[in-house]
Amino acid sequence: MGMMHFRDKLPLTWCLVMQLSCILHQTSSVDWPEEQSRKESLSPVDPDSKMIPEEQLRKEIPHTSDGGLASLDTNKCKPNTPFIWCLPQDYNQEKHPFTYFHLVNKSLPWDYAFRFVIEEISNINDKSQTMSISMYFAVSWLEPRLKINESATEWSEARTGPANEVNESPEILKYIWYPELEIYGLDTFGRQRVLKEMSGVRIIKNKTITYELGVRITISCRMNFDNYPLDAQTCQFQVGSYYDTHETVTCNSHFIYDLDRQRSLQHFIQIEGLPAKYKVLKLPSGTYAACGIQVRFQRKQMQFIVQVYLPSFMFVIVSWVSFLINPHVVPGRMGLLVTLFLVLINIFNSVREQAPISSRLNAIDLYLVVCIFLVFGALMEYAVILFMLKKRRKPFRTIDQGLKHLFPSKTSNGEASQPLRSPSHRENNNPQVNEEDAVYKAKLDLLDVGHTDGTEEKMPEVGLSFRKQALVENIDAWAMWISPPIFVFWNFCYWIAYRPWTNKLLSDNTLLDYVV
């Protein structure tokens, strides 16, 4: 009976278990409030979140022209789908476009077109021999594999760009081929950004792709500072293909430069097209085509003329005043020449600290060295005069004789007292010393100018001969006549050689063009 009662209740128990399992399954598929709030906290701005929200994912997936979602194969052509342009399904980003030149009936070499919209030459660094340029850099190339829908209205509407052009995001460069470029002598390459990178891509109806971006480029320049600060420099900006030689790829370029937007620098600036000799570069790996611009700049010289050349010129002229000063006025004349000499040395050291490195003595150093030597020559001329004047007189009396002459004294019997002696002389009873003392006294008696009759004998002065005296008096006159012509002749040769008044940025180098 017990076994039969259990069998009757088994189907009922089984049904209850099945219902409970169904209820638990439905409950597990429902998000609890805590789980729901955790999912909602995964926003695009959450830096720790690795889950991409659906809204962001929809924005990153490319769209077709009608607003629908495209596949992850960006801009691939799809049947029965409207498009402006698209890429074929077998498009290979690694293959160069010139391998498909038969599609556009074109032969090698392939051509790159560069456009440089130059805002300004922002900096010229003499120490590092570099030049910085702010510009909009654009490169265009032909992509024959593009599929163009010539009937699309976007080619004629201005909302997507100029006529026959459409603007695209630079992100499409991840899916299409673009050239590998090299800027020769590149130091730094900085992309300009505001909120995003200042760049863009334009697809032209003739299957040309143009990539443009705002950059600040710093390039190295070979500069020669032997004529500093009267120098003019030339710097080339060259860009070309990194891999392909001139047999495969050539280029052409043009630039736009508004001089009114140029900031004031220490140079006059002129920008011109790249000369023909710089359009081909021969490297160990091959010969490459190059395009770009040439920048010529001449240093502004007024600052150096006023601060260095003019003071040095005046200091040399002031040194000639020393020839008019009496040679016996030693402090005044010596102080003038030494002060001028030290000031010129100080100017020379200051200029050397600011001047760039040169292979030899540059122009301003040469001028200062000559000025220093001219002042040094005036100083040496006065030294010769002082050396000759030193021999004009000799001492006539010894110290003992001078004291005896200044302070004569009489003894009790009316005889003159003996000259002052040191205690050692009085205490020394050595006969040999007494003999030397007698000789010394005899010499004093010979030099004594006092006589019993009260008269004084006049000793003849020992000095220069008449011929040497005339030479001393005429040295200053000769220096006064010789120094100015030498300095004037030096300045004439110096300024004619360096020609600072000419405009070295122009080929004719005329003074009239420079002044105007």
**Request:** For side-chain contact (heavy atoms from CB on, under 4.5 Å), just list the numbers for E247 and L108, CA-CA rounded to whole Å, side-chain angles, deciding distance to a tenth of an Å, and then say yes or no.
**Result:** CA-CA 7 Å; E247 298 176 351; L108 295 180; over 6 Å; no

**Message:** What verdict does the side-chain contact (heavy atoms from CB on, under 4.5 Å) test give for F114 and I293, after you've listed the backbone C-alpha separation in whole Å, the side-chain angles of each residue and the deciding distance to 0.1 Å?
**Reply:** CA-CA 11 Å; F114 295 96; I293 57 175; over 6 Å; no

**Request:** Take Q236 and L274 through the test side-chain contact (heavy atoms from CB on, under 4.5 Å) and record every step on the way to the result.
**Result:** CA-CA 7 Å; Q236 292 79 32; L274 195 66; 4.0 Å; yes

**Item:** Verdict with supporting geometry, Y367 and F313, ring pair (Phe, Tyr, Trp, His ring centres under 6.0 Å)
**Value:** CA-CA 9 Å; Y367 190 87; F313 182 85; 7.7 Å; no

**Message:** Under the criterion side chain to side chain donor-acceptor pair (under 3.5 Å), I'd like the reasoning laid out for N346 against N349: C-alpha separation, chi angles, the key distance, then a yes or no.
**Reply:** CA-CA 5 Å; N346 188 33; N349 292 334; 5.4 Å; no

**Request:** Could you please spell out the steps behind the side chain to side chain donor-acceptor pair (under 3.5 Å) verdict for Y257 and Q262?
**Result:** CA-CA 9 Å; Y257 174 61; Q262 175 65 51; 3.0 Å; yes

**Message:** Determine whether F237 and F116 satisfy the following criterion, ring pair (Phe, Tyr, Trp, His ring centres under 6.0 Å), listing intermediate values before the conclusion.
**Reply:** CA-CA 11 Å; F237 172 76; F116 312 110; 5.5 Å; yes

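Looking at heavy atoms from C-beta onward, R202 lies out of side-chain contact with I209 at the 4.5 angstrom threshold. You'll find the side chain of W141 reaches within 4.5 Å of the side chain of W177, heavy atoms only. The shortest distance between side-chain heavy atoms of Q233 and Y228 does not fall below 4.5 Å. Looking only at side-chain heavy atoms (C-beta outward), I121 and I271 come within less than 4.5 Å of each other. Under the 4.5 Å side-chain criterion, counting only non-hydrogen atoms from C-beta, Y498 is in contact with L366.
Screening R193, R191, E212, Q192 against M198 for a side chain to side chain contact (heavy atoms under 4.5 Å, CB included) leaves a single residue, Q192. Residue S140 is tested with T208, N252, T210 for a side-chain hydrogen bond (donor to acceptor under 3.5 Å, both in side chains); the sole match is T210.
Between atom SG of residue C235 and atom CD of residue Q129 there is a gap of 10.0 Å, rounded to the nearest 0.5 Å. With rounding to the nearest 0.5 Å, the separation of NZ in K205 from CD1 in I84 is 12.0 Å. Expressed to the nearest 0.5 Å, how far CZ of R216 lies from CD of E119 amounts to 10.5 Å.
For the pair K300 and F268, the cation-pi criterion (under 6.0 Å, within 45° of the ring axis) is fulfilled.
Taking all atoms of both residues into account, the shortest heavy-atom contact from A152 to F83 is CB-O, 4.2 Å. Heavy atoms only, all atoms of each residue included: W85 and L146 are closest at CE3-CD2, 3.8 Å.
With respect to R263 and E120, a salt bridge is recorded, a charged nitrogen being found less than 4.0 Å from a carboxylate O. Ion pairing between K106 and D111 fails under the 4.0 Å rule for side-chain N and carboxylate O.
S134 is linked by a side chain to side chain donor-acceptor pair (under 3.5 Å) to nothing, counting only residues two or more places apart in sequence or in another chain. Taking K196 as the reference, nothing meets the side chain to side chain donor-acceptor pair (under 3.5 Å) condition, with sequence neighbours excluded.
Between Y309 and F304, a ring centre-to-centre spacing not shorter than 6.0 Å is recorded.
F376 and F373 have perpendicular rings, their planes meeting at more than 60° on a 0 to 90° scale where under 30° would count as parallel.
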